[in-house]
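Okay, so here's the structure we're looking at.
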Protein chains: 2
Amino acid sequence: MNNRLKVLRAERDWTQADLASALEVSRQTINAIETGKYDPSLPLAFKFARLFQLQIEEIFSDR
Amino acid sequence: MNNRLKVLRAERDWTQADLASALEVSRQTINAIETGKYDPSLPLAFKFARLFQLQIEEIFSDR
DNA sequence: TCATTAAGTAAAACACACTTTACAAAAATA
DNA sequence: TATTTTTGTAAAGTGTGTTTTACTTAATGA
């Protein structure tokens, strides 16, 4: 699973910590997801989508 | 998190076991997700979406 | 260059996703 | 009604997602 989080953050000039606090998760969670260590849970994927106002599929991709 | 799995299954006349084998997960996993015991992982949510040819948000909803 | 901020990473702990086996209850069908 | 199929549920085990604390490295700015 890869994702566009780094780009979406850059477009907004947000740090990983900024994004983490917007989503109420730890900075390490953001880092781990961004660097592909693991996938977010579905509820967290929904939070990303809501925050960025995008479909989950526009942020995360299966292959 | 609620979902439309029961309806989507009914439209296709599939049992929980049918859906489970199409997705290569256990029947108990399908049952637990349908009955709200837990949410699927994001990769499994993608598999549902691909199978039903729907967006994840058209199958699962956050509230 | 020095100090600060941002990003990467690691370990331990805990909660949740998923499996297998097994059984009971409900629904469908002969 | 009797049998079969489907659904619900439970317990134990494994693996993954997330947290906290903490340290290192990289990038930014005075």
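Reminder, nothing fancy here: chain letters follow the sequence lines and each chain counts from 1.
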Separation of [N] [atom2] from [X] [atom1] (nearest whole Å):
{"X": "Ile30(B)", "N": "dT19(C)", "atom1": "CD1", "atom2": "C1'", "result": "13 Å"}
{"X": "Lys47(B)", "N": "dA17(C)", "atom1": "NZ", "atom2": "P", "result": "17 Å"}
{"X": "Leu23(A)", "N": "dT19(D)", "atom1": "CG", "atom2": "P", "result": "10 Å"}

In Å and rounded to the nearest 0.5 Å, what is the CG to CZ distance from Leu42(B) to Phe46(A)?
9.5 Å
Angle between the two end axes of the helix from dT1(C)-dA30(D) to dA30(C)-dT1(D), five base pairs per end, rounded to 10 degrees?
50°
Can you confirm whether [X] sits close enough to [Y] that some side-chain heavy atom of one is under 4.5 Å from a side-chain heavy atom of the other?
{"X": "Met1(A)", "Y": "Pro43(B)", "answer": "yes"}
{"X": "Thr35(A)", "Y": "Asn31(A)", "answer": "yes"}
{"X": "Leu54(A)", "Y": "Leu8(A)", "answer": "yes"}

Taking Gln16(B) as the fixed residue, which of Glu34(B), Lys6(B), Gln28(B) is the one that meets the side chain to side chain donor-acceptor pair (under 3.5 Å) rule?
Glu34(B)
Check the pair Phe48(B), Phe60(B) against ring pair (Phe, Tyr, Trp, His ring centres under 6.0 Å), reporting the backbone distance first and the verdict last.
CA-CA 10 Å; Phe48(B) 279 111; Phe60(B) 299 94; 5.5 Å; yes
Applying salt bridge (charged side-chain N to carboxylate O under 4.0 Å, His left out) to Arg4(A) and not counting sequence neighbours gives none
Heavy-atom contacts, protein to nucleotides 8-18 of chain D, under 4.0 Å, summarised as B (base), S (sugar-phosphate only) or - (none) per nt, yield BBB------SB
With Leu44(A) as reference, evaluate Val25(A), Asp39(A), Ile30(A) under the side-chain contact (heavy atoms from CB on, under 4.5 Å) test and give the passing residue.
Val25(A)
